Amino acid sequence: MYLNKETTLGDIVAENYKTAAVFENHQMDFCCHGGRSLAEACAEQELSVDTIIKELQTALTAGDTETADTNSAGMPQGIKQWPLDLMADYVEKKHHRFVSEQIPIIEGYLQKIVQVHGGQHPELEKVQNLFKETAGELSMHMKKEELMLFPYIRKMTQAAVSGRKIEKPGFGSIANPINAMLADHEAEGERSAGIRNLTNNFQTPADGCNTYQLTLKLLADFEADLHQHIHIENNILFPKSIELEKTIQG
């Protein structure tokens, strides 16, 4: 994989998800702001481009226990080349399902630690409120994708395979709902960063109990899944869908 300072973060991670760990370590947003060049992102963080490129190259060449189907980060191999309907199915069945399952679990644990530790750690109530916003907004966001955007992506993919044209949908260009989804992702990224900051990067304080530790671990896992989810959509699925639409509308 060829790396240079003008390559965007989104393209780098789309090419090989192992590079995501480098960006995560330096808190460089490759999902919501994946359109920035490596040089721009490094300048914002006051990091050396050459140093980051070396770290990316190390991540790419490091041995791991990858299988033929997924890499060490759990990202499917070759997803960038998948048909778009399969990619939409994957996002819905893996990421949407994960979010729906984890929300009530995390909300329950947050309620417990706020009750027990909220007096000594008032930031927990802020974390709880942010996650409550996430639960509501992300649930609505996923429903919009499942009921409107993803069905149209599947319809476009089928049209491309059969060589037929389709009429414009009621929402006009697919760029319209995609822009709405991108705005949702931006807001979600800000809430996620807020939770990370309030919890000191998900670190359990000295007086935190096992439930406190488990809750922060669940929040960290939720963020990691969200980053992968948004990356697939922002940097692969959505741009490819916009390009596909140009070829199948009558």
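Hydrogens, waters and symmetry mates are skipped; everything else that's a heavy atom, side chains included, is used. None of these values were measured; they are calculated from a predicted model.
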Item to complete: Indicate whether any N or O donor in one side chain lies under 3.5 Å from an N or O acceptor in the other, for Glu188 and His141.
Response: no
Worksheet item: Between Gln45 and His26, does any side-chain donor sit less than 3.5 Å from a side-chain acceptor?
Response: no
Would you say that more than 12 heavy atoms from the other residues, nucleotides or ligands in this model lie under 6.0 Å from the [atom1] of [X], or not?
X	atom1	value
Lys5	NZ	no
Lys155	NZ	no
Glu44	CD	yes

Applying ring-ring contact (aromatic ring centres under 6.0 Å, His included), name anything that partners [X], two or more places apart in sequence or on another chain.
X	answer
Phe30	His231
His227	none
Phe171	Tyr152

For the pair [X] and [Y], find out whether any cationic side-chain nitrogen is under 4.0 Å from an anionic carboxylate oxygen.
X	Y	answer
Lys217	Asp221	yes
Glu107	Lys132	no
Lys240	Glu243	no
Glu123	Lys126	no

Fill in: Any donor-acceptor N/O pair, Asp29 side chain to Cys32 backbone, under 3.5 Å
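Present.
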Practice prompt. Can you measure from OG1 (Thr134) to CD1 (Ile195) and round to the nearest 0.5 angstrom?
Written response: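 Those atoms lie 5.0 Å apart.
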Worksheet item: Just how far is it from atom CD1 of Ile230 to atom CG of Leu182, taken to the nearest 0.5 Å?
Response: 10.0 Å
Practice prompt. Give a yes or no on whether the ring-centroid distance for Phe98 and His229 is below 6.0 angstrom.
Written response: no
